[in-house]
Amino acid sequence: MPISLTNKNVIFVAGLGGIGLDTSKELLKRDLKNLVILDRINNPAVITELQKINPKVTVTFIPYDVTVPIAETKKLLKTIFDKLKTVDILINGAGILDDHKIEATIAVNYTGLVNTTTAILDFWDIRKGGPGGIICNIGSVTGFNAIYQVPVYSGTKAAVVNFTSSLAKLAPITGVTAYTVNPGITRTTLVHKFNSWLDVEPKVAEKLLEHPTQTTQECATNFVKAIELNKNGGLWFLDKGTLEDIEWTKHWDSGI
Ligand SMILES: NC(=O)c1ccc[n+]([C@@H]2O[C@H](COP(=O)([O-])OP(=O)(O)OC[C@H]3O[C@@H](n4cnc5c(N)ncnc54)[C@H](O)[C@@H]3O)[C@@H](O)[C@H]2O)c1
């Protein structure tokens with residue numbers, strides 16, 4: 001069901017990256033109450049600039065590495081919940097692309113996202129008296145159709161999509177809804193230079209960038225539209241400046 005972002009409290013993991021920063025700016029155009037940015041990179045000048053965009057919104061930055069143990073994430077979230085009382089939306093956007101770094105890729109792109117999600121369930125789960133909440137996970141079109149030269153990265157994104165689909169189906173139990181936003185190739189430093197798995201394609205970045213791409217602004221505009229459309233189980237494709245909720249064919253059902 002569509003929502004208004006006015007007066008909402010939003011936590012944005014990786015809100016200072018290429019896609020993240022323009023999406024943060026776009027979010028600030030809506031009159032949120034709080035935007036809490038958690039990121040591994042700290043950039044006070046950018047936070048000051050963000051705060052100036054809309055003085056009605058309180059912008060906070062807290063350093064956060066998604067690979068920390070889940071207990072640390074829970075501690076961090078507790079400080080945020082203690083201060084804000086409620087949090088409406090969690091956006092999980094941390095990602096790295098380097099198929100030489102197998103463990104780090106899985107740790108950041110998948111385990112980190114699963115842990116951050118699991119940690120916030122402590123505060124949101126209706127079975128624990130929580131109010132429920134909304135999770136927006138950044139997947140990728142590679143989660144559906146792999147860039148096969150980076151199978152580790154693509155695999156983590158497929159895992160994000162699959163995990164999020166389960167979260168959406170668990171919403172009646174937990175009270176927490178979820179969907180993915182899946183960007184196509186977007187011009188950020190992430191895709192300018194990266195290693196393929198076992199160097200199967202040394203020119204993978206150049207080859208990828210021969211395909212049609214989109215700007216971070218185009219991606220950000222559609223990102224916030226998808227958040228406002230707020231569809232539990234949504235699989236949003238944000239590709240070449242367009243936004244589409246794709247139908248994922250149901251080939252198999254566990255039946256339980
Ligand atoms: N650029 C693309 O073409 C594209 C396409 C599909 C999906 N994505 C995904 O979008 C997201 C943003 O990517 P981007 O293109 O803006 O790249 P980027 O490199 O500009 O941003 C990556 C973000 O992740 C953060 N991050 C990395 N490791 C982290 C960690 N351990 N803990 C916390 N934060 C961490 C970075 O600080 C940064 O904010 C990623 O999840 C990426 O996989 C990007």
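Each ligand, and each atom within it, is numbered from 1 in the order the structure gives. Just so you know, these numbers come straight off a predicted model, no measurement behind them.
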Completion exercise
shortest atom 22 (C) of ligand 1-to-protein heavy-atom contact is with Gly95 O, 3.5 Å

Practice task
From atom 7 (C) of ligand 1, work out which of Gly139, Gly112, Gly15, Gly184 has a heavy atom at the shortest distance.
Solution key: Gly139

Completion exercise
closest protein heavy atom to atom 16 (O) of ligand 1 is Ile19 N, 2.8 Å

Practice task
With atom 35 (C) of ligand 1 as the reference point, say which of Cys219, Ala94, Ala104 has the nearest heavy atom.
Solution key: Ala94

Practice task
Specify the protein heavy atom at minimum distance from atom 36 (C) of ligand 1: its residue, its atom name, and the distance to 0.1 Å.
Solution key: Asp39 OD1, 3.5 Å

Problem - Region of Val191 engaging ligand 1 - heavy atom pairs below 4.0 Å - result: side chain

Solution key, residues 126-135 side-chain donor-acceptor pairs under 3.5 Å, sequence neighbours excluded:
residue, atom, partner, partner atom, Å
Arg127, NE, Asp125, OD1, 3.1
Arg127, NE, Asp125, OD2, 3.3
Arg127, NH2, Asp125, OD2, 2.6
Lys128, NZ, Asp122, OD1, 2.7

Problem - Numbered atoms and elements of ligand 1 in range of Val108, under 4.0 angstrom, heavy atoms - result: 28 (N), 29 (C), 31 (N)

Fill in the blank from the handout: With heavy atoms and a 4.0 Å threshold, my read on which part of Asp65 contacts ligand 1 is both

Exercise for the section: Name the closest protein heavy atom to atom 12 (C) of ligand 1, giving the residue it belongs to and the distance to 0.1 Å. Expected result: Gly93 O, 3.8 Å

Practice task
For atom 27 (C) of ligand 1, find the nearest protein heavy atom and state the residue, atom name and distance (0.1 Å precision).
Solution key: Arg40 NH2, 3.5 Å

Handout entry: Asn34 and its side chain to side chain donor-acceptor pair (under 3.5 Å) partner, picked from Asp88, Asn9, Thr60, Thr86
Key = Asn9

Exercise for the section: Measure the distance from atom 32 (N) of ligand 1 to every protein heavy atom, then report the residue, atom name and distance (to 0.1 Å) of the closest one. Expected result: Val66 N, 2.9 Å

Exercise for the section: Heavy-atom distances under 4.0 Å are what count here, so tell me which part of Arg187 touches ligand 1: side chain, backbone, both or neither. Expected result: neither

Practice task
Return the set of residues passing side chain to side chain contact (heavy atoms under 4.5 Å, CB included) with Asn7 (not counting sequence neighbours), or none when no residue passes.
Solution key: Lys33

Completion exercise
atom 43 (O) of ligand 1 sits nearest the protein heavy atom Tyr153 OH, 2.6 Å

Practice task
Examine the proximity of ligand 1 to Tyr64 and report which part, side chain or backbone, both or neither, has a heavy atom under 4.0 Å away.
Solution key: backbone

Handout entry: Parallel, tilted or perpendicular: ring planes of Phe223 versus Phe12, cut at 30 and 60 degrees
Key = tilted

Handout entry: Protein heavy-atom partner closest to atom 1 (N) of ligand 1 - residue, atom, separation in Å
Key = Thr186 O, 3.1 Å

Handout entry: Any Leu50 side-chain heavy atom under 4.5 Å of Phe61 side chain
Key = no

Handout entry: Per-residue contact class, Thr188 against ligand 1 - non-hydrogen pairs under 4.0 Å
Key = side chain

